[in-house]
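The figures that follow rest on heavy atoms only: side chains count, while hydrogens, waters and symmetry mates do not. Since the model is a prediction, treat every value here as computed from it, not as a measurement.
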Amino acid sequence: MGEYNGVAYVDVNEGRSSPKLDNIKKVSVLHLIFLIFFEVSGGPFGAEDSVQAAGPLLSLLGFLVFPLIWSVPEALITAEMGTMFPENGGYVVWVSTALGPYWGFQQGWMKWLSGVIDNALYPVLFLDYLKSGIPALAGGLPRVAAALALTFLLTYMNYRGLAIVGWVAVLLGIFSILPFVVMGLVAIPKLEPSRWFVMNLHDVDWNLYLNTLFWNLNYWDSVSTLAGEVDSPKKNLPKALFYALILVVLSYFFPLLVGTGAIPLNRDLWTDGYFSDIAKILGGVWLRWWIQGAAAMSNMGMFVAEMSSDSFQLLGMAERGMLPEFFAKRSRHGTPLIGILFSASGVILLSWLSFQEIIAAENFLYCFGMILEFIAFVLLRIKCPVASRPYKIPVGTVGAILMCIPPTILICVVLALSTVKVMIVSLFAVAIGLVMQPCLKYAEKKRWMKFSVSGELPDLHEGNQERVDFLED
């Protein structure tokens with residue numbers, strides 16, 4: 001027990017972090033910053049479509065205003081809830097505590113599936129950036145073999161441990177950002193500020209524009225599923241989110257500022273890979289190759305970061321008894337062996353989807369998951385106003401509700417703009433989760449599979465005294 005503004009509270013963090021292995025090195029702040037960077041962004045690659053959809057001015061404004069509406073609230077909520085529940089279940093535990101284990105499972109299913117769909121994109125993008133230099137990778141058996149080989153290689157990196165993944169993320173991050181700094185310096189004599197203000201509201205593809213912004217600036221909550229592996233998460237998680245937010249916004253805005261200001265506008269050319277063409281115009285072939293290499297490396301970084309989040313989420317759910325016990329099995333490197341295998345299998349199965357279908361489908365599922373997170377955040381503020389929050393957003397309950405309104409409106413807009421095909425497929429995926437949880441509970445009852453809750457974690461759903469104290473108003 002302790003005090004918060006003179007009122008007694010229960011410290012929900014004592015004994016609540018994920019079961020730890022003493023011989024496994026924890027994730028540092030530096031590693032965490034770049035893991036978040038790759039879970040959210042990975043650089044400006046993929047932002048080109050925003051210019052094609054809406055022109056320079058709306059594109060630049062989008063990557064300045066959208067973070068205020070979406071990224072900042074999501075990062076703040078992740079900092080508060082992630083330090084309140086520093087364990088690998090992350091957002092699954094938040095929703096489960098506020099709404100019960102059934103909805104906690106639905107959250108886990110939708111966010112895991114969204115992450116796997118997202119990860120299926122990166123081997124494809126990696127090969128797309130290399131095919132101009134290696135034409136054989138454009139299609140056919142060589143492309144399929146290369147995609148499988150890349151998936152296996154990056155999956156093996158995840159198997160070897162988060163320390164390796166963290167250093168890989170740092171090195172790939174520096175390599176991905178540096179060529180755009182050079183491109184900016186080279187472009188200074190050619191910049192024409194008037195090009196930044198071109199806008200035509202009658203010629204805007206709002207669906208492509210919003211989906212591009214949403215895809216490039218979400219997934220801040222993914223780091224919460226690694227909270228149990230972080231060194232001093234109560235202190236380091238909010239700090240890493242703050243620095244990663246600055247890094248992500250600059251990594252989009254600066255290259256777009258350079259590209260739209262230094263090159264005459266042709267919106268039709270602004271599609272995936274166009275930054276490499278801009279680099280060639282401004283600096284020559286050598287800069288183009290550097291940008292292409294950075295893009296390829298960025299996709300590798302996003303893959304390993306996303307797979308880490310997805311696989312540790314499954315481990316955290318198993319530690320909570322939501323998935324069979326074998327999902328909690330760790331390799332000798334401390335990594336979630338079964339979670340990695342399941343996530344890699346999902347990536348391979350979904351890699352046949354097109355780029356736009358992948359973005360739309362994952363955005364649709366991600367939106368449902370975020371609605372549950374916002375509800376859980378507000379409910380826990382109401383039910384547990386004096387519970388210990390190592391990091392607390394400096395707003396009251398009303399402020400917490402108001403903060404969630406703009407991103408919720410944005411979610412509704414993104415869902416409304418979805419195509420019928422994407423909506424049907426995504427709702428079918430949601431329906432699978434609604435049925436899967438009762439089926440798993442039935443399998444547990446029949447003892448077909450073994451489920452267990454880690455003894456190092458508190459029971460959030462039984463009517464014991466700890467549960468009563470925790471939810472006490």
Side-chain angles (χ1 to χ4, degrees), residues 30 33-64 66-67 71 121-122 125-126 128-130 132-133 168-193 195-196 212-213 215-217 219 243-267 269-303 305:
L30 179 64
I33 290 170
F34 280 92
L35 282 171
I36 297 170
F37 172 71
F38 278 114
E39 283 172 348
V40 175
S41 166
F45 315 105
E48 298 100 326
D49 283 337
S50 65
V51 178
Q52 183 188 94
L57 182 59
L58 285 181
S59 177
L60 292 169
L61 288 176
F63 281 99
L64 286 180
F66 194 94
S71 301
L121 178 67
Y122 300 130
L125 287 178
F126 179 89
D128 283 344
Y129 276 105
L130 294 183
S132 61
V168 168
V170 172
L171 295 175
L172 292 179
I174 293 172
F175 184 78
S176 299
I177 294 170
L178 200 54
F180 290 99
V181 176
V182 174
M183 189 172 79
L185 295 175
V186 172
I188 290 175
K190 301 178 181 179
L191 290 177
E192 293 186 17
R195 292 171 176 164
W196 296 328
T212 301
L213 290 174
W215 179 65
N216 280 287
L217 289 165
Y219 282 90
Y243 289 119
L245 181 63
I246 296 173
L247 182 61
V248 165
V249 173
L250 288 177
S251 73
Y252 284 123
F253 187 77
F254 182 74
L256 285 171
L257 197 69
V258 172
T260 55
I263 301 295
L265 178 64
N266 185 337
R267 281 174 56 175
L269 297 178
W270 279 86
T271 186
D272 297 314
Y274 187 54
F275 275 125
S276 63
D277 295 332
I278 294 174
K280 182 181 178 181
I281 296 170
L282 295 177
V285 175
W286 66 272
L287 188 56
R288 177 182 185 177
W289 275 102
W290 193 0
I291 294 286
Q292 287 180 330
M297 296 301 103
S298 173
N299 283 292
M300 291 178 63
M302 288 187 283
F303 186 100

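Here the shortest heavy-atom pairing between Gly43 and Phe37 reads N-CZ, 3.4 Å. Closest heavy-atom contact between Val186 and Pro189: O-CD, 3.3 Å. Closest non-hydrogen pair, Leu256 versus Ser59, comes out as CD1-OG, 3.7 Å. What you find for Thr271 and Glu48 is that their closest heavy atoms are O-CB, 3.4 Å. Taking all atoms of both residues into account, the shortest heavy-atom contact from Pro56 to Leu265 is CD-CD2, 3.7 Å. The two residues Thr260 and Arg195 have their closest heavy-atom pair at O-CB, 3.3 Å.
Atom CE of Met297 sits about 8.0 Å away from atom OG of Ser176, to the nearest 0.5 Å. For the atom pair OG (Ser41) and CG (Leu250), the distance works out to 10.5 Å, reported to the nearest 0.5 Å. Atom OG of Ser298 and atom CD1 of Ile177 lie 9.0 Å apart (nearest 0.5 Å). From Asn266, atom CG reaches atom CG of Asp277 across 11.0 Å, with rounding to the nearest 0.5 Å. With values rounded to the nearest 0.5 angstrom, Leu269 atom CG is found 12.0 Å from Arg267 atom CZ. Taking OG1 of Thr212 as the reference point, atom CG of Asp49 lies at 4.5 Å (rounded to 0.5 Å).
Atom OH of Tyr243 sits in a sparse spot, with 12 or fewer heavy atoms from other residues, nucleotides or ligands closer than 6.0 Å.
Side-chain contact check for Tyr274 versus Ile263: some heavy-atom pair is nearer than 4.5 Å. Between Ser71 and Val248, the closest side-chain pair of non-hydrogen atoms is not below 4.5 Å. Between Leu178 and Trp290, some side-chain heavy-atom pair lies under the 4.5 Å cut-off. Residues Asn216 and Val40 are not in side-chain contact: their nearest non-hydrogen atoms beyond the backbone lie 4.5 Å or more apart. The shortest side-chain heavy-atom distance between Leu185 and Ile188 falls under the 4.5 Å cut-off.
Between Tyr252 and the options Phe66, Trp215, Phe63, a ring-ring contact (aromatic ring centres under 6.0 Å, His included) holds for only Phe63. Tested against Phe34 for a side-chain contact (heavy atoms from CB on, under 4.5 Å), the candidates Val168, Leu247, Leu172 yield a single pass: Leu247.
With sequence neighbours excluded, the residues forming a ring pair (Phe, Tyr, Trp, His ring centres under 6.0 Å) with Phe275 are Phe180, Trp270, listed by chain and number. Residues passing the ring pair (Phe, Tyr, Trp, His ring centres under 6.0 Å) test with Phe303, sequence neighbours excluded: none. Residues passing the side chain to side chain contact (heavy atoms under 4.5 Å, CB included) test with Phe253, sequence neighbours excluded: Leu60, Leu64, Leu257.
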Checking Lys280 against Leu287 for the side-chain contact (heavy atoms from CB on, under 4.5 Å) test, could you report, in this order, the C-alpha distance in whole Å, the side-chain angles of both residues, the deciding distance, and whether it holds?
CA-CA 6 Å; Lys280 182 181 178 181; Leu287 188 56; over 6 Å; no
